[in-house]
Amino acid sequence: MEQRLTIITLGVSDLKKSTHFYETQFGWEKSDSSNENISFFTLNGILLSLYENNALAKDAEVDAKGSGFKGFTLAYNTKFEHEVDSIIKDLKEKEVKIIKEPQKAHWGGYSSYVSDLDGNLWEIAFNPYLKMDAYGNVLG
């Protein structure tokens, strides 16, 4: 199996509201391959998809019930530390729930956490050790 990630699918409680959140709060553009049952956002080399939670659980043949910390986070890494503050300021103005204010991280970077409508945690961070190209793609 090749070492790659193609799509991250988030199970959401309300597809229309969640799609609106990513379009308006994050300012992302929905892909043309989206339809009334699923939304796709083309990121840097992978897709983020939003799919109704119960339908996603049924597809995976698992129980849809669960609460609390989901055991994973998604990360948006910036090229410069000051970008974290700028992004968080913009998200606050759009009334996105800020979980952790931007601050120096114990691992040497600078990070903050926000939540989408379904409680999925996004880390907005600057990692001085992460090598990225001009487009924000992580380099090996």
Side-chain angles (χ1 to χ4, degrees):
M1 184 169 158
E2 293 179 15
Q3 188 171 309
R4 75 172 118 156
L5 177 63
T6 311
I7 301 173
I8 296 170
T9 302
L10 299 177
V12 298
S13 58
D14 186 314
L15 182 60
K16 286 183 183 181
K17 285 182 180 177
S18 291
T19 299
H20 181 75
F21 174 89
Y22 281 91
E23 288 178 315
T24 60
Q25 309 310 82
F26 279 18
W28 291 359
E29 185 177 328
K30 189 170 56 168
S31 161
D32 290 339
S33 56
S34 300
N35 61 52
E36 65 277 357
N37 298 311
I38 193 165
S39 294
F40 291 105
F41 296 88
T42 303
L43 307 180
N44 53 325
I46 64 171
L47 291 175
L48 174 70
S49 69
L50 306 176
Y51 195 62
E52 197 275 321
N53 191 61
N54 289 330
L56 183 59
K58 182 178 179 182
D59 184 55
E61 298 181 355
V62 298
D63 188 353
K65 294 178 183 158
S67 63
F69 180 60
K70 298 176 186 215
F72 76 94
T73 62
L74 301 162
Y76 178 97
N77 283 83
T78 63
K79 294 181 191 93
F80 303 99
E81 184 175 309
H82 70 273
E83 289 178 277
V84 174
D85 292 323
S86 177
I87 290 169
I88 295 302
K89 180 179 183 273
D90 180 59
L91 292 175
K92 271 186 186 179
E93 290 170 2
K94 294 175 180 175
E95 299 183 359
V96 171
K97 184 176 182 180
I98 308 301
I99 302 299
K100 177 180 141 186
E101 291 290 335
Q103 57 190 263
K104 293 285 185 185
H106 70 282
W107 46 266
Y110 188 71
S111 79
S112 178
Y113 281 89
V114 303
S115 173
D116 73 5
L117 298 177
D118 289 279
N120 295 302
L121 297 179
W122 281 86
E123 179 185 29
I124 311 299
F126 168 70
N127 182 340
Y129 313 109
L130 188 65
K131 295 178 184 174
M132 295 191 305
D133 67 15
Y135 301 103
N137 297 311
V138 176
L139 303 173

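Below, all heavy atoms of this structure are taken into account, side chains as well, without hydrogens, waters or symmetry copies.
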Check ion pair Lys94-Asp90 (N to O, under 4.0 angstrom) | yes
Linked, directly or transitively: Leu121 and Leu50 (ILVMFWY side chains, under 4.5 Å) = no
Distance, nearest 0.5 Å, that separates CH2 of Trp28 from CD of Glu23 | 12.0 Å
Closest approach of Lys79 and Glu83, non-hydrogen atoms and distance?
-> N-OE1, 2.8 Å
Give a yes or no on this: more than 12 heavy atoms of other residues, nucleotides or ligands lie within 6.0 Å of atom NZ of Lys17.
-> no
Parallel, tilted or perpendicular, as decided by the 30° and 60° cut-offs, for the rings of Phe26 and Phe21 | tilted
Is a salt bridge present between Lys58 and Glu52, judged by a nitrogen-to-oxygen distance below 4.0 Å?
-> no
Value for CZ (Phe126) from CG (Asp85), rounded to nearest 0.5 Å, stands at 12.0 Å
How many angstroms lie between atom CD1 of Ile99 and atom CD of Glu123, to the nearest 0.5 angstrom?
-> 13.0 Å
After noting the C-alpha distance and the side-chain angles of Asn44 and Asn137, does the key distance pass the side chain to side chain donor-acceptor pair (under 3.5 Å) rule?
-> CA-CA 6 Å; Asn44 53 325; Asn137 297 311; 2.9 Å; yes
Between Tyr22 and Phe41, what is the ring plane arrangement, given parallel below 30°, perpendicular above 60°, and tilted in between?
-> tilted
Does a sphere of radius 6.0 Å around CG in Asp32 hold more than 12 heavy atoms from other residues, nucleotides or ligands, not counting ones at 6.0 Å or beyond?
-> no
Ser34 (side chain) donor-acceptor with Ser31 (main chain) under 3.5 angstrom = yes
Lys70 NZ to Asn120 CG distance, which is reported to the nearest 0.5 Å | 4.0 Å
Does some side-chain heavy atom of Lys97 sit less than 4.5 Å from a side-chain heavy atom of Gln25?
-> no
Donor-acceptor under 3.5 Å (Thr42 side chain, Leu47 main chain) = no
Val12 vs Leu117 side-chain heavy atoms within contact, under 4.5 Å | no
State the OG-CD1 distance between Ser112 and Ile98, to the nearest 0.5 angstrom.
-> 5.5 Å
Check whether any side-chain N or O of Ser49 sits under 3.5 Å from a backbone N or O of Phe40 as a donor-acceptor pair, and report yes or no.
-> no
CD/Glu95: more than 12 non-hydrogen atoms of other groups inside 6.0 Å = no
Are Leu48 and Leu5 connected in a single hydrophobic cluster, I mean Ile/Leu/Val/Met/Phe/Trp/Tyr linked by side-chain heavy atoms less than 4.5 Å apart?
-> yes
For the hydrophobic clusters of this structure (ILVMFWY residues joined by side-chain heavy atoms under 4.5 Å, transitively), does one cluster hold both Leu130 and Trp122?
-> no
Are there more than 12 heavy atoms of other residues, nucleotides or ligands under 6.0 Å from atom CZ of Phe72?
-> yes
For the residue pair Leu74 and Asp116, establish whether any side-chain heavy-atom pair is separated by less than 4.5 Å.
-> no
Would you mind reporting whether Trp107 and Asn127 have side-chain heavy atoms less than 4.5 Å apart?
-> yes
Please walk me through it: do Asp118 and Ser13 pass side chain to side chain donor-acceptor pair (under 3.5 Å)?
-> CA-CA 7 Å; Asp118 289 279; Ser13 58; 2.8 Å; yes
Please say whether more than 12 non-hydrogen atoms of neighbouring residues, nucleotides or ligands are located less than 6.0 Å from CD in Glu29.
-> no
So how far is it from Leu10 CG to Tyr51 OH, rounded to the nearest 0.5 Å?
-> 14.0 Å
NE2 (His20) with more than 12 external heavy atoms under 6.0 Å | no
